[in-house]
Amino acid sequence: MSSNRSAIVTGYSSGLGEAFAAGLLERGWYVVGVSRETEPEGLPAKYADNLIAVHGSVEEQETAERAFAAATRDRTLGLVVNCAGEGVFGQPGEYNAADIHAAMAANLMGLILFSDFAVRHMRADGGDIVNVMSTAGKKLRPAEAIYVASKWGAKAYTRTLRDALKAEKSPIRVFEVYPCGMKTRFWEAATRPVTGGAEFPPPEPIAEQVLNEISERRVVYCQEFTFERG
Ligand SMILES: NC(=O)c1ccc[n+]([C@@H]2O[C@H](COP(=O)([O-])OP(=O)(O)OC[C@H]3O[C@@H](n4cnc5c(N)ncnc54)[C@H](OP(=O)(O)O)[C@@H]3O)[C@@H](O)[C@H]2O)c1
């Protein structure tokens, strides 16, 4: 059975994005998953009727257009989770133009583009935007300068967007998520990784806590989630 409520999850093919997609599918949502190339392992077969993939890089206009068209065809878009991201690290003096573009495209430009599309699609009926940053968006880490810059930029954009929407009394809610290190493919895909990631916890409890909180639709709610290792 296919749901009437749709969600877009960028970075749905792995790690935290896959955990968000799985949690939403379990809760009965129709999910449009966005990634450049990869697909999650089990989800497409298990949820053939409720999961559709859109492939393309998140900072490209055409990727956003295809994702939002798929999510709004015969359904009401209720949630956009911006989770696509890329680790690009290095010491000052080590970066090149491709490094800077990759970090900004995945972590900042795509998050802004998909948030802006979300606003125009959800302005009348409301909905939720969940923007995934990192604890790097709250700290200054010398070996992570452009990653840090992309996540601080995403935080600044997300908070400004929320203020703007509150000022116009919009029914759209905007959530900030700052995960700690997680054991995902992120670390093997990263440029000059600072760790292998084996010491970190899995991403599923983070997605579960965020989805549980936003599903409740409480009168007062938590708009910012910072996760630290226990
Ligand atoms: N892992 C950590 O320790 C950690 C800690 C704090 C915050 N985060 C953040 O959490 C988010 C998820 O990370 P993760 O650990 O789950 O990473 P992951 O396992 O590497 O998954 C990244 C996902 O994003 C997609 N992606 C990457 N660049 C993209 C682009 N330009 N356009 C479209 N899709 C793109 C990947 O698919 P394709 O490669 O097929 O495009 C994949 O689906 C990221 O924003 C990351 O910065 C991670």
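All values below were derived from every heavy atom in this structure, side-chain atoms included, with hydrogens, water molecules and symmetry-related copies excluded. All residue numbers refer to positions in the sequence shown, counting from 1. We count ligands from 1, going down the list as the structure has it; atoms in each ligand are counted the same way.
For the atom pair T10 OG1 and L111 CG, the distance stands at 7.5 Å (nearest 0.5 Å). Considering OH of Y147 and OG1 of T191, their distance stands at 12.0 Å, rounded to 0.5 Å. The line from NZ of K155 to OG1 of T158 is 10.5 Å long, rounded to the nearest 0.5 Å. Atom SG of C222 is separated from atom CD of E216 by 12.5 Å, given to the nearest 0.5 angstrom. To the nearest 0.5 Å, atom CG of residue N131 and atom CZ of residue F175 are 11.0 Å apart.
Among protein heavy atoms, atom 9 (C) of ligand 1 sits closest to M133 O, 3.6 Å. V58 N, 3.0 Å is the protein heavy atom nearest to atom 32 (N) of ligand 1. Nearest to atom 15 (O) of ligand 1 among the protein's heavy atoms is T184 OG1, 2.5 Å. The protein atom (non-hydrogen) at minimum distance from atom 25 (C) of ligand 1 is G11 CA, 3.7 Å. In terms of protein heavy atoms, atom 42 (C) of ligand 1 is closest to S13 OG, 3.4 Å. Nearest protein heavy-atom neighbour of atom 35 (C) of ligand 1: A84 CB, 3.7 Å. In terms of protein heavy atoms, atom 8 (N) of ligand 1 is closest to Y147 OH, 3.7 Å. Of all protein heavy atoms, the one lying nearest to atom 18 (P) of ligand 1 is S14 OG, 3.5 Å.
Interface atoms of ligand 1 facing A106, defined by a heavy-atom separation under 4.0 Å, are 28 (N), 31 (N). Proximity to E37 (heavy-atom distance under 4.0 Å) selects the following atoms of ligand 1: 40 (O). Listed by atom number, the atoms of ligand 1 under 4.0 Å from L16 heavy atoms are 16 (O). Ligand 1 places these atoms under 4.0 Å from at least one heavy atom of W187: 1 (N), 2 (C), 3 (O). Proximity to V132 (heavy-atom distance under 4.0 Å) selects the following atoms of ligand 1: 10 (O), 11 (C). Applying the 4.0 Å criterion to heavy atoms of G15 picks out, from ligand 1, the atoms 16 (O), 19 (O). The atoms of ligand 1 that sit less than 4.0 Å from any heavy atom of C180 are 5 (C), 6 (C).
Within the set E59, H101, R36, the minimum heavy-atom distance to atom 39 (O) of ligand 1 is found for R36. Compare G56, P203, G110 by their heavy atoms: the one nearest to atom 33 (C) of ligand 1 is in G56. For atom 11 (C) of ligand 1, the candidate residues are G85, C83, P201; the nearest heavy-atom contact is made by C83. Which of T135, T195, N82, T38 comes nearest to atom 40 (O) of ligand 1 through a heavy atom is settled by distance: it is T38.
Annotation: M182 places an N or O atom under 3.5 Å from an N or O atom of ligand 1; distance criterion only. Residue F186 has at least one N or O atom closer than 3.5 Å to an N or O atom of ligand 1.
R141 and T135 share a side-chain donor-acceptor pair at under 3.5 Å. Looking only at atom types and distance, the side chain of E59 has a donor-acceptor partner in the side chain of S57 under 3.5 Å away.
A tilted orientation is assigned to the rings of F117 and F68, their planes being inclined by 30° to 60°.
Contact annotation for Y178 and ligand 1: no heavy atom of the residue comes within less than 4.0 Å of the ligand. Under 4.0 angstrom from ligand 1, there are no non-hydrogen atoms of A189.
Ion pairing between a basic and an acidic side chain is recognised when a charged N comes within 4.0 Å of a carboxylate O; R159 and E176 show such pairing.
At least one heavy atom of K151 sits closer than 4.0 Å to an atom of ligand 1. Taking a 4.0 Å cut-off on heavy atoms, S57 registers as neighbouring ligand 1.
Aromatic pair Y47/W29: ring centres not closer than 6.0 Å.
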With side-chain contact (heavy atoms from CB on, under 4.5 Å) as the test, would you mind laying out the steps for H55 and S35 before giving the verdict? CA-CA 5 Å; H55 292 302; S35 65; 3.4 Å; yes
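Counting non-hydrogen atoms of other residues, nucleotides and ligands closer than 6.0 Å to NZ of K46 gives a total of 12 or fewer. No more than 12 heavy atoms of other residues, nucleotides or ligands sit less than 6.0 Å from atom CD of E41.
Under the 4.5 Å side-chain heavy-atom criterion for grouping Ile, Leu, Val, Met, Phe, Trp and Tyr, L25 is not connected to V32 through any hydrophobic cluster.
Side chain of R162 to backbone of V174: a donor-acceptor contact under 3.5 angstrom is found.
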